[in-house]
Amino acid sequence: MSETTDVTETPAAKPVPDPDKVAAAKAAAAAKAAAAAAAPPRALPSDEDISAWIHGADVPILGAVFEGIDVKRFDALVMQIRKEELVPQHWQVLSSHAAPDDMVFEQLPEVGRLRARYKDQELSRKRLPHLRYAWRELGGRRPNIWTVPDLLAAMRRIYDKKHPVDWTELLSAVRDIWRDSDLPFGRDQLEILWACLVLVRKNTKK
């Protein structure tokens, strides 16, 4: 008669964490948290800055209110704008558009006027590419007939595509087109944009 041997499997021992690696990871996390806490809040434009910018001043931090946000946050800001009835309640971004030829943009009279206004070619090179990208996202709609809702629609498309845009340069180019308009339409859009920026600034955290 053979003897039966009962074999019981022994659970594999769990690996013991390397104390040095654990300490290093904790130190790195603490350093990252300390750096974030010590970082100064981002500079945001004041209401006075926005007013000066609307009237033509150069305010490099103007676009900071639109930096570091995504489509969801942008939609929330636009909802606040709509609640204040600064844009029509029924307004919505169009879902599709045809991509225009960039040469059409280069030949637009308002683009020529911007180049003449800036004189400094460096300033033109800084601003016009951002304006051109927004123009593409609006299917080639001429910037001189844009409304604030059109601008917001272009901005949303830019957020959706995660395209890197300098908001100060884009907004400044649009502002200058409206300022150069001989029609009350341009002044009206500037007034609406002014109110929108003040509201967005109020609802933006540092």
Side-chain angles (χ1 to χ4, degrees), residues 45 47-67 74 77-78 81-82 84-88 91-94 97-161 163-201:
D47 288 356
E48 291 74 20
D49 288 331
I50 295 172
S51 176
W53 176 83
I54 282 288
H55 289 94
D58 183 17
V59 181
I61 62 171
L62 187 281
V65 294
F66 294 111
E67 292 173 359
F74 182 75
L77 292 172
V78 172
I81 291 172
R82 293 171 67 179
E84 294 295 324
E85 299 184 350
L86 296 174
V87 299
W91 169 78
Q92 61 181 355
V93 178
L94 297 178
H97 68 284
D101 185 338
D102 283 357
M103 285 304 298
V104 175
F105 175 84
E106 300 299 332
Q107 296 168 359
L108 291 175
E110 55 267 44
V111 172
R113 285 193 293 271
L114 278 183
R115 288 196 177 96
R117 162 191 270 275
Y118 295 148
K119 297 180 182 177
D120 178 2
Q121 292 185 358
E122 181 61 28
L123 190 54
S124 291
R125 283 194 291 267
K126 285 171 60 179
R127 290 186 178 169
L128 291 181
H130 303 294
L131 180 67
R132 182 171 57 243
Y133 194 85
W135 171 80
R136 286 188 200 132
E137 293 307 310
L138 290 176
R141 182 178 177 83
R142 288 189 57 179
N144 70 326
I145 60 171
W146 286 2
T147 62
V148 171
D150 289 329
L151 176 59
L152 294 174
M155 292 174 69
R156 191 187 190 282
R157 286 187 184 277
I158 290 169
Y159 278 116
D160 189 47
K161 295 183 178 180
H163 185 80
V165 163
D166 186 314
W167 297 113
T168 299
E169 303 301 350
L170 169 58
L171 292 168
S172 295
V174 176
R175 172 205 63 186
D176 291 340
I177 287 174
W178 285 335
R179 290 185 73 230
D180 285 343
S181 175
D182 295 329
L183 301 175
F185 168 84
R187 292 191 296 274
D188 291 345
Q189 297 311 305
L190 282 175
E191 291 287 339
I192 296 170
L193 180 60
W194 187 350
C196 288
L197 289 174
V198 169
L199 181 63
V200 170
R201 167 62 180 85

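For reference, positions follow the sequence shown, starting with 1. A quick note: this is a predicted structure, and the numbers were derived from the prediction, not measured.
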Distance (rounded to the nearest 0.5 Å) between [X] [atom1] and [Y] [atom2]:
X	Y	atom1	atom2	result
Asp101	Arg136	CG	CZ	10.0 Å
Arg117	Ile177	CZ	CD1	10.0 Å
Leu171	Leu131	CG	CG	10.5 Å
Tyr133	Arg157	OH	CZ	10.0 Å
Ile192	Arg187	CD1	CZ	13.0 Å
Ser181	Asp176	OG	CG	12.5 Å

State whether the side chain of [X] and the backbone N or O of [Y] hold a donor-acceptor pair below 3.5 Å, judged by distance alone.
X	Y	answer
Gln189	Thr147	no
Arg179	His55	yes
Trp146	Arg141	yes

Sequence neighbours left out, what passes side chain to side chain contact (heavy atoms under 4.5 Å, CB included) with [X]? Give chain and number order.
X	answer
Arg142	Leu108, Pro109, Glu110, Asn144, Ile145
Asp182	none
Asp166	His130, Thr168, Glu169

>> Between Ser172 and Leu62, is the side-chain contact (heavy atoms from CB on, under 4.5 Å) condition met? List the steps.
In response: CA-CA 9 Å; Ser172 295; Leu62 187 281; 5.9 Å; no
Could you check if a side-chain atom of [X] sits within less than 4.5 angstrom of a side-chain atom of [Y], using non-hydrogen atoms only?
X	Y	result
Arg115	Leu128	yes
Val200	Ile81	yes
Val148	Leu86	no

>> Checking side chain to side chain donor-acceptor pair (under 3.5 Å) between Glu137 and each of Lys161, Arg156, Arg132, which is the one that passes?
In response: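 Running side chain to side chain donor-acceptor pair (under 3.5 Å) over Lys161, Arg156, Arg132 with Glu137 returns exactly one hit, Lys161.
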Please report the shortest heavy-atom distance between [X] and [Y], naming the atom on each side.
X	Y	value
Tyr118	Ala173	OH-CA, 3.6 Å
Pro143	Trp135	CD-CD1, 3.9 Å
Pro45	Ile61	CD-O, 3.4 Å
Leu190	Trp178	CG-CB, 3.8 Å
Arg175	Ala57	NH1-O, 3.0 Å

> Considering residues at least two apart in sequence or located in another chain, which fulfil the salt bridge (Lys or Arg N to Asp or Glu O under 4.0 Å) criterion with Asp47?
Replying inline: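 Partners of Asp47 under the salt bridge (Lys or Arg N to Asp or Glu O under 4.0 Å) test: none.
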>> Can you list everything that forms a side chain to side chain donor-acceptor pair (under 3.5 Å) with Arg113? Sequence neighbours excluded, please.
In response: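 Per chain and number, Arg113 pairs via side chain to side chain donor-acceptor pair (under 3.5 Å) with no residue.
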>> Please enumerate all residues that pass ring-ring contact (aromatic ring centres under 6.0 Å, His included) together with Tyr159, with sequence neighbours excluded.
In response: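 For Tyr159, the residues satisfying ring-ring contact (aromatic ring centres under 6.0 Å, His included) (neighbours in sequence not counted) are Phe74, Trp167.
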> Please walk me through it: do Leu170 and Ile158 pass side-chain contact (heavy atoms from CB on, under 4.5 Å)?
Replying inline: CA-CA 11 Å; Leu170 169 58; Ile158 290 169; 4.2 Å; yes
